Each structure stands twice: as C-alpha cells, then as structure tokens.
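Presented below is the structure to which this report refers.
This is a predicted model, so every value here is computed, not measured.
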Amino acid sequence: VSTNDEILMQVNIVAETPSECYDIASKVRQALDYASGVYAGVTLQKCFFQNELNSWNEGGITDGLCVIRHDYKLFIIR
C-alpha cells in the first residue's frame, strides 16, 4: 500500500459582496498555495493552486451571495 497520496481539495469562499469574496479568496490562496509541513502526523509535501471559478448565485442555499471556488492539489505522505 502506497503511503504517498495525491489529493484534490476544493475550497469554497462565500461572501455577501464580490469585493469581500475576492479579498478572502486572495488570503486563502496566500495561505495554501505552496504550503508544506506536518499536520496531525501527516506530511504535506506541497499544496498547489490549480483553478478558480467565480459565480454570483441566485436561488438555492447561497442566494444572492458571491461564491469563489478554489481547487488545490496536495501531495502527502501518510
């Protein structure tokens, strides 16, 4: 069994205005892109930003809110 894993992670940022959403998304990306370290006994070799999708939702649970989705790829050793 391999102890090296590649994980896809999605982070959804939700805010009332686009400017708030973009500000939070920028801070999330700064914190996660190229992050590495040991967390709860799991070694994160590297976290890479992959993609961003933006939307202003009308209807559903996020009605009237700005949503930005970030996709990241993580390489870990268990």
Point to revise | Note, Arg78 side chain near Val1 side chain (heavy atom, < 4.5 Å) | key: yes
**Study point:** ILVMFWY clustering at 4.5 Å (side-chain atoms), partners of Leu8
**Key:** none
Distance-only donor-acceptor hits, side chain of residues 41-49, under 3.5 Å, sequence neighbours excluded:
none

Practice item. Can you see which heavy atom on Cys66 is nearest to which on Pro18, and at what distance? Key: SG-CA, 3.8 Å
Check your understanding: Cluster question for you: counting only ILVMFWY and a side-chain heavy-atom cut-off of under 4.5 Å, with indirect links fine, are Val14 and Leu53 together?
Key -> no
Check your understanding: Mind checking what makes side chain to side chain contact (heavy atoms under 4.5 Å, CB included) contact with Thr17, not counting sequence neighbours?
Key -> Ser19, Glu20
Practice item. Go through the structure and list residues passing ring-ring contact (aromatic ring centres under 6.0 Å, His included) with Tyr39, not counting sequence neighbours. Key: none
Got a list of side-chain donor-acceptor pairs under 3.5 Å for residues 68-77, not counting sequence neighbours?
unit_1, atom_1, unit_2, atom_2, d
Arg69, NE, Asp71, OD1, 3.3
Arg69, NH2, Asp71, OD2, 3.0
His70, ND1, Tyr72, OH, 2.8
His70, NE2, Glu52, OE1, 2.9
Lys73, NZ, Glu6, OE2, 3.3

**Study point:** Least distance between heavy atoms, Asp5 atom then Ser2 atom
**Key:** OD1-O, 4.3 Å
**Study point:** For Tyr22, ring-ring contact (aromatic ring centres under 6.0 Å, His included) partners two or more places apart
**Key:** none
Review point. If you look at every heavy atom in Cys21 and Ala15, which pair is closest and at what distance?
Key: N-CB, 3.6 Å
